[in-house]
Amino acid sequence: MNDSTQQLRYVSRLTRDTIALVLAGGQGSRLHELTAWRAKPAVYFGGKFRIIDFPMSNCLNSGIRRIGVLTQYKAHSLIRHLVQGWSHLNSATGDFLEILPASQRVGGEWYKGTADAIYQNLDIIRTHMPKYVLVLSGDHIYKMDYGPMLAFHAESGAQMTVSCLEVPLEEAANDYGVMKVDENQQVIGFEEKPAAPESIPGHPDLCLASMGNYVFDTEFLFDELIADADNPDSSHDFGKDIIPSLISRSKVMAYPFRDPETNERAYWRDVGNLDAFWQANMELINVTPELNLYDDDWPILTHQEQLPPAKFVFNDSERRGMGVDSMVSGGCLVSGAYLDHTLLFSHVRVCSYSEVRYSVVLPGVEIGRNCRINKAIIDRACVIPEGTVIGEDKEADLARGFRVTDKGVVLVTPDMLGQSTHMAR
């Protein structure tokens with residue numbers, strides 16, 4: 001047996017002894033009206049997916065098939081998506097997906113923080129008795145094999161391991177937890193969302209940011225969460241309370257997440273505001289995007305309706321159904337309209353003489369005739385009236401109640417159009 005085969009078997013044993021807990025209760029308030037009816041992990045992304053599909057797919061592709069998803073804020077559409085798309089795991093072989101909503105199991109309170117969310121489900125975790133617990137953020141876009149991280153954790157003798165990423169200082173400021181490590185990658189300092197992050201030695205423009213993904217030895221995690229729950233001064237959050245308290249008295253390691261082929265900074269996006277959400281979707285349209293959705297070796301799985309192929313109709317000089325540098329999902333009909341650098345989710349209809357450029361159009365949208373839309377996010381189930389112009393005049397967009405970001409991205413929702421929101425989830 002060669003070394004690579006032994007390593008694969010070693011990692012596969014680790015993944016079988018692991019339960020993944022996906023924290024999916026976040027509101028995502030910086031996405032504004034886009035999360036008015038859905039939690040951030042349930043937000044649509046990439047033409048046919050939801051954000052939650054990325055950590056879920058990472059688990060399955062990594063060989064981790066025991067998964068709990070912790071939900072809280074406006075979770076209906078998220079739970080429906082998980083039931084429809086992720087309930088195929090076979091409990092007869094020990095695989096499972098368990099949805100763990102905030103149900104006041106302990107103390108009659110909702111989840112008070114990320115650590116409290118895990119604490120309130122300790123009795124459920126105990127019934128499975130994993131050797132390791134993998135805690136994952138449910139609202140980031142990336143592809144990652146968690147197996148090497150588990151191996152790093154086991155081989156280092158750590159009680160906790162934090163996955164981290166090198167990010168520019170200005171990107172991390174006020175947004176990410178920032179770590180300081182020694183020459184052995186042991187964490188010796190941690191600040192939660194500092195205004196002035198400390199840079200990496202030798203790299204003055206970069207810092208080491210937490211990705212919000214953690215590996216714990218199970219019994220160690222139990223002890224720490226119970227102690228934290230008994231601390232009246234704690235906010236019961238991993239970043240604010242657990243990690244800082246562990247650094248001086250436990251072995252906490254930083255696992256550097258890098259591209260396995262290039263060893264450079266790996267693709268990872270926090271689509272936590274409208275500009276970042278729009279930009280990450282636009283990047284997918286590039287000829288060779290950093291995030292490869294056409295990767296058969298690491299597929300991103302999801303629930304999808306049974307829909308007919310996308311259709312482009314009319315080829316007259318005055319109206320021609322066509323798309324350039326665009327992505328179009330199943331069930332779409334582009335009828336004598338023009339798409340340029342645009343991403344259409346499923347079941348979108350764009351009517352004749354309309355032009356849609358640099359826009360993200362979520363499922364079930366209908367765009368009427370003679371519309372011009374530029375640099376916009378159109379929320380699910382919007383019906384854009386004939387002749388509507390969006391993204392050309394900021395003041396006009398604001399006057400109609402649309403939201404316009406500092407970078408000029410226009411968000412349009414059914415409520416802004418005075419339409420029913422019952423289909424907008």
Side-chain angles (χ1 to χ4, degrees), residues 28 30-35 38 40-54 57 139-143 165 167-168 170-171 175 259 265-295 300 302 310 312 322-330 332 334 337-348 350 354-365 367 371-380 382 384 388-394 397 402-413:
R30 293 179 299 153
L31 288 169
H32 300 285
E33 294 84 358
L34 206 57
T35 51
R38 58 179 79 95
K40 182 182 174 185
V43 169
Y44 296 94
F45 183 84
K48 61 184 293 186
F49 309 103
R50 295 192 188 229
I51 295 174
I52 189 73
D53 292 325
F54 288 83
S57 296
D139 54 10
H140 298 136
I141 306 295
Y142 65 108
K143 296 195 294 187
L165 193 74
V167 301
E170 64 274 12
E171 183 180 327
D175 278 336
D259 187 294
R265 178 186 176 184
Y267 176 93
W268 182 83
R269 297 290 185 269
D270 179 2
V271 290
N273 62 60
L274 293 173
D275 287 323
F277 174 81
W278 176 86
Q279 181 63 43
N281 276 283
M282 286 294 101
E283 289 172 353
L284 299 176
I285 298 169
N286 294 338
V287 176
T288 53
E290 286 189 68
L291 177 63
N292 180 11
L293 295 178
Y294 302 87
D295 181 0
I300 304 301
T302 190
F312 293 76
M322 65 180 296
V324 178
D325 292 327
S326 297
M327 294 174 67
V328 180
S329 300
C332 289
V334 180
Y338 177 72
L339 311 177
D340 177 18
H341 286 83
T342 286
L343 195 155
L344 300 188
F345 284 70
S346 58
H347 256 318
V348 172
V350 188
S354 288
E355 297 181 0
V356 185
R357 302 174 186 271
Y358 293 90
S359 293
V360 180
V361 185
L362 300 190
V365 168
I367 298 173
C371 293
R372 297 199 307 275
I373 299 174
N374 183 60
K375 204 174 181 180
I377 301 168
I378 310 296
D379 199 5
R380 179 176 178 173
C382 282
I384 307 298
T388 300
V389 177
I390 297 170
E392 294 183 6
D393 185 331
K394 179 179 179 180
D397 289 332
F402 303 155
R403 181 176 293 276
V404 184
T405 71
D406 292 339
K407 295 184 179 180
V409 176
V410 184
L411 173 64
V412 181
T413 68

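All residue numbers refer to positions in the sequence shown, counting from 1.
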### Query
Considering residues at least two apart in sequence or located in another chain, which fulfil the side chain to side chain contact (heavy atoms under 4.5 Å, CB included) criterion with E33?
R403, L411, T413, M416
#### Entry: Where at least one partner belongs to residues 276-285, residue pairs that pass side chain to side chain donor-acceptor pair (under 3.5 Å), sequence neighbours excluded
R269-E283
### Summary
Sorted by chain and residue number, the side chain to side chain donor-acceptor pair (under 3.5 Å) partners of D397 (sequence neighbours excluded) come out as R400
### Query
N374: what forms a side chain to side chain donor-acceptor pair (under 3.5 Å) with it, not counting sequence neighbours?
none
#### Entry: Non-neighbouring partners of S326 that pass side chain to side chain donor-acceptor pair (under 3.5 Å), sequence neighbours left out
none
### Query
Can you list the residues that meet the side chain to side chain contact (heavy atoms under 4.5 Å, CB included) rule with E392, with sequence neighbours excluded?
R372, V389
### Query
Got a salt bridge between D139 and R50, using NZ or NE/NH1/NH2 to carboxylate O under 4.0 Å?
no
### Task
Using side chain to side chain donor-acceptor pair (under 3.5 Å) as the criterion, list what pairs up with D275, not counting sequence neighbours.
T405
### Query
So do the side chains of R30 and D270 get within less than 4.5 Å of each other, counting heavy atoms only?
yes
### Query
Does the side chain of V361 reach to within under 4.5 Å of the side chain of L343, using non-hydrogen atoms?
no
### Task
Say whether, by atom type as modelled, one donor and one acceptor occur between the side chain of T342 and the main chain of L339 under 3.5 angstrom.
no
### Task
Could I get the full list of ring pair (Phe, Tyr, Trp, His ring centres under 6.0 Å) partners for F54, not counting sequence neighbours?
F45, F49
### Task
Report the residues that fulfil ring pair (Phe, Tyr, Trp, His ring centres under 6.0 Å) with H341, sequence neighbours left out, ordered by chain and then residue number.
Y358
#### Entry: Residues forming a salt bridge (Lys or Arg N to Asp or Glu O under 4.0 Å) with D259, sequence neighbours excluded
none
### Partners meeting side chain to side chain contact (heavy atoms under 4.5 Å, CB included) with D295 (sequence neighbours left out)
K143, N292, D297, W298
